[in-house]
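Reviewing the structure listed below.
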Amino acid sequence: MAGAAWQARTVVDQRGKTHEFRTPAERVVTIAIPLYWHFLTVDGSEKRVVGANAVAVEQMRDGIVSRVFPGASAVPTAVTRGGTFTPNVEALLALQPDAIFQWADRGNALVDVLDAVGLRTLGVKNTNAESDIDAWIRMSGAAAGKVARADSIIRYMRGGNNRFDAMTANIPATQRPRVLMLTEYSRQITPSGPASYGNLIIRRAGGINAATADGTVSIEQVLAWNPEVILLTPFESKTPADLMRDPLWSRTPAARARRVYKLPFGLTRWGGYGPESPMLLAWLTTLLHPAQPGIALRDEMRAAYRTLYRFNATDADLDQVLQMNVNRASAGYARFQATSRP
């Protein structure tokens, strides 16, 4: 794998520790959940991942990962014990990893125990900051020996930000719908408030965040916010139709107008910054401002999946990602239907 083009890489992780990769890592473990799909995307294969957090593998199972990376759902998951991120040191030593991605800001114990037994551990920060997530991708590229590919993915992500910032910059406040993005609503109402990454997504897509507070809130607060569009993340078990039928939620302008949507689910669940975030912005901008020119969502998704994963998505794949069936009762969602089927 090293090849003539390989150059040794020095990487400073997000806890300030320096690591040198004289050759690409051939055996990688991802304990920090998002690093699983970020590393797969950068490397373009699941074959080097010899262990991953069970939560990450389970979260991806409902998406299209099995068709993009056929072995991704079968990656060993006994890498933690006694807690979601507590390393199973014996199992990790048996795996003989060349690199482990682990949270660096959830207590020193999570990384110190790995350092103590000589396992190369790249510490990453649990954050929604775009610069930090860029750093995850760069570290993945350095570990995999695919620095140029990591840089190209970051350029694609940043290009999406710039494109939609420019596209929606001149939309006046009077034409920006009030959008409520809910992490959860069926057990406790948890909106993406002003401090969340969802707030930035809504603004970039030409909306106004209806939520003016972070943390859990009451239905009375939601009704006072008067949202015109409601977004459900794929983590939420209930559907837009469930919300629209609810006696209380049905009082919102969003429910009355059937402008309630569940976020798509690609290789991972959409909703944050990452390799699929430009597609999320294209999807949401289209829903908020259908007349915006230059967005052909399915064409953009096909091109992105070819570039990101070398995967030729079928109409059925895109139907699944866009959750066409789940969103079938939502206003305007038919615009995302395939125009033809080969």
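Only this structure's heavy atoms are used, side chains among them; waters, hydrogens and symmetry mates stay out.
For the side chain to side chain donor-acceptor pair (under 3.5 Å) test with Asp315, the passing option among Gln337, Gln320, Arg298 is Arg298; the others fail.
Note that the CG atom of Asn128 and the CG atom of Leu200 stand 10.0 Å from one another [nearest 0.5 Å]. Of the inter-residue distances, the one linking Ile201 atom CD1 with Ser196 atom OG reads 8.0 Å to the nearest 0.5 angstrom. Note: Thr268 OG1 to Tyr36 OH = 12.5 Å, rounded to the nearest 0.5 Å. A distance of 11.0 Å separates OG1 of Thr41 from CG of Leu35, quoted to the nearest 0.5 Å. In this structure, CH2 in Trp136 is found 11.0 Å from OG in Ser131, a value given to the nearest 0.5 Å. Atom CG of residue Asn161 and atom CG of residue Leu281 lie 6.5 Å apart, to the nearest 0.5 angstrom.
Side-chain atoms of Asp13 never come within 3.5 Å of backbone atoms of Leu122 as a donor-acceptor pair (strictly under, hydrogens ignored). The backbone N or O of Ile295 lies less than 3.5 Å from no partner atom in the side chain of Glu300, so there is not a single donor-acceptor pair.
Using the six-membered ring where Trp is involved, Tyr197 and Tyr273 have ring planes that are tilted, between 30° and 60° apart.
Crowding of Asn170 atom CG: a count of heavy atoms from other residues, nucleotides or ligands under 6.0 Å not exceeding 12. Counting non-hydrogen atoms of other residues, nucleotides and ligands closer than 6.0 Å to CZ of Arg335 gives a total above 12.
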Query raised in the report: Given Asp98 and Arg120, is the salt bridge (charged side-chain N to carboxylate O under 4.0 Å, His left out) satisfied, shown in steps?
Result: CA-CA 7 Å; Asp98 300 315; Arg120 180 195 279 153; 5.9 Å; no
Only pairs under 3.5 Å count here: list side-chain donor-acceptor contacts from residues 220-232, not counting sequence neighbours, and write none if there are none.
residue	atom	partner	partner atom	Å
Glu220	OE1	Ser218	OG	3.4
Trp225	NE1	Thr212	OG1	3.0
Glu228	OE1	Arg178	N	2.8
Glu228	OE1	Arg178	NH1	3.4

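A cation-pi contact links Arg269 to Phe235, judged by a cut-off of 6.0 Å to the six-membered ring centre and 45° from its axis.
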